[in-house]
Amino acid sequence: MNIEDGNILKLLKEARRRSGLPLDFWADLTDGLDQRSLEILVGKSSIFPKYMNSKGKP
């Protein structure tokens, strides 16, 4: 793992901690983003609802 990959993983883990959503969710959502965009999204990750239900509730 190179330094950039390590930084990305660290950011994804921070997003997971703030949001309560799984790491796989964050990896899929951010796939292809540059590091600056990822940093911005992680900074806003706490606005994602914790424990989202994929079926949705009315």
Side chains of residues 20-30: which donor-acceptor pairs under 3.5 Å do they make with residues two or more places apart or in other chains?
{"unit_1": "W26", "atom_1": "NE1", "unit_2": "S19", "atom_2": "OG", "d": "3.0"}
{"unit_1": "T30", "atom_1": "OG1", "unit_2": "W26", "atom_2": "O", "d": "2.7"}

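Linking Ile, Leu, Val, Met, Phe, Trp and Tyr whenever their side-chain heavy atoms come within less than 4.5 Å puts L9 and L38 in one cluster.
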Steps toward salt bridge (charged side-chain N to carboxylate O under 4.0 Å, His left out) verdict (E14, K10)
CA-CA 6 Å; E14 178 63 18; K10 184 177 177 181; over 6 Å; no

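The CD1 atom of I8 sits 12.5 Å away from atom CD1 of I3, with the distance rounded to the nearest 0.5 Å. Here the straight-line distance linking atom CZ of R18 with atom NZ of K13 works out to 16.0 Å at 0.5 Å rounding. Of the inter-residue distances, the one linking S45 atom OG with R16 atom CZ reads 12.0 Å to the nearest 0.5 angstrom.
Applying the salt bridge (Lys or Arg N to Asp or Glu O under 4.0 Å) test to E39 and every residue at least two apart in sequence or in another chain returns R36.
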